[in-house]
Amino acid sequence: MNLELTETQKAFRDTLCSWLEECFPTPPDLEDPTVIERWEQLLIERGWQAYKWPVTAGGPGWDMVQKYLWEQEVGALGLPLMLRGSGVAMLGPIIHGFGTTEQQERFLPPILANQVQWCQGYSEPGAGSDLASLRTRAVRDGDDYLVTGEKIWTSEAHKADWIFALTRTADEARRQAGITFLLINLDDPGQGPIHSVPSMAPEASA
């Protein structure tokens with residue numbers, strides 16, 4: 001097995017290292033919050049803020065070696081590998097893989113531009129690692145869902161604009177069924193639409 005980098009891979013690494021050195025001629029002060037803010041803006045300008053995303057979702061479309069080199073070089077500086085928050089790391093790939101075209105066009109660009117912050121709404125009192133036990137219920141009411149329940153351990157919820165939440169929409173014999181993945185605007189007073197990622201609904205916790 002040949003573990004040597006190809007010339008193309010070496011060129012990618014050299015480009016990456018040159019860019020990082022240009023951005024940070026001296027080691028970044030990770031205790032300074034403005035450093036991370038500047039870093040995230042640099043990522044957005046370069047188009048590398050979601051390094052695992054495919055081109056079709058707005059990412060760079062890197063292969064496994066490029067991702068590895070990115071993680072090695074950026075990790076050595078202690079900088080975040082991508083934009084902070086659950087939007088890039090968790091929600092974006094789900095919307096790209098399972099969402100409708102309308103949802104992809106609406107939600108992916110603001111995530112990549114760091115304009116909308118997301119948090120995860122999975123765990124509940126009595127339903128942490130066992131998500132099949134969740135009780136937050138969403139009842140269809142015309143074009144809307146009426147959601148009642150409680151979510152806990154929701155990191156960065158105080159900074160989030162939206163939450164992606166697992167909710168129970170049906171009582172099936174198999175507890176993992178009947179769970180729907182909803183996108184909920186946290187600023188909504190309760191009158192606006194909630195978006196359901198359709199293909200995720202029956203298999204959310206399978």
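Numbering starts at 1 and runs along the sequence shown.
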Item to check | Over 12 foreign heavy atoms within 6.0 Å of NZ, Lys159 | outcome: no
Next on the checklist: Tell me whether the count of non-hydrogen atoms from other residues, nucleotides or ligands lying under 6.0 Å of CZ in Arg135 goes above 12.
Outcome noted: no
Next on the checklist: Under a 4.0 Å threshold between the charged nitrogen and the carboxylate oxygen, would Arg84 count as salt-bridged to Glu40?
Outcome noted: yes
Checklist entry - What heavy-atom pair brings Leu183 and Leu91 nearest, and what distance separates the two atoms? => result CD2-CD1, 3.8 Å
Checklist entry - Would you say the side-chain atoms of Tyr51 and Gln66 include a donor-acceptor pair closer than 3.5 Å? => result no
Item to check | Verify same cluster id: Ile44, Leu77 (apolar side-chain graph, 4.5 Å) | outcome: yes
Checklist outcome for this item: Note: Ala165 and Lys151 closest approach over all heavy atoms is CB-CE, 4.5 Å
Checklist entry - Should Ile111 and Ile36 be counted in the same cluster of Ile, Leu, Val, Met, Phe, Trp and Tyr side chains packed under 4.5 Å apart? => result yes
Checklist entry - Using 30° and 60° as the class limits, which term best fits the ring planes of Trp118 and Phe164: parallel, tilted or perpendicular? => result tilted
Checklist entry - Side chains of Arg175 and Ser133: is there a donor and an acceptor less than 3.5 Å apart? => result yes
Checklist entry - Would you call Asp32 and Arg38 a salt bridge, using N to O less than 4.0 angstrom? => result no
Checklist entry - Any chain of hydrophobic side-chain contacts (each under 4.5 Å) joining Leu20 to Leu30? => result yes
Checklist entry - Below 6.0 angstrom between ring centroids: does that apply to Trp62 and Phe12? => result yes
Next on the checklist: With side-chain contact (heavy atoms from CB on, under 4.5 Å) as the criterion, how do Glu73 and Cys17 come out once you've worked through the C-alpha distance, each side chain's angles and the decisive distance to 0.1 Å?
Outcome noted: CA-CA 7 Å; Glu73 299 300 333; Cys17 290; 3.5 Å; yes
Next on the checklist: To check you understand the geometry: which heavy-atom pair defines the closest contact between Trp153 and Gly128, and what is its length?
Outcome noted: CZ3-CA, 4.1 Å
Next on the checklist: Can you tell me if Glu21 has over 12 outside heavy atoms packed within less than 6.0 Å of its CD?
Outcome noted: no
Next on the checklist: For residues Trp19 and Tyr68: do they belong to one hydrophobic cluster (side chain heavy atoms under 4.5 Å, members Ile, Leu, Val, Met, Phe, Trp, Tyr)?
Outcome noted: yes
Checklist entry - Minimum heavy-atom separation for Ser155 to Cys119, with atom names? => result O-CB, 3.5 Å
Checklist entry - Going hydrophobic residue to hydrophobic residue with side-chain gaps under 4.5 angstrom, can you get from Ile152 over to Met90? => result no
Checklist entry - So, Glu124 versus Thr136: side-chain donor-acceptor pair below 3.5 Å or not? => result yes
Item to check | Closest contact, heavy atoms only, Ala138 versus Leu182 | outcome: CB-CD1, 3.6 Å
Next on the checklist: Taking the six-membered ring for Trp, are Trp39 and Trp48 closer than 6.0 Å centroid to centroid?
Outcome noted: no
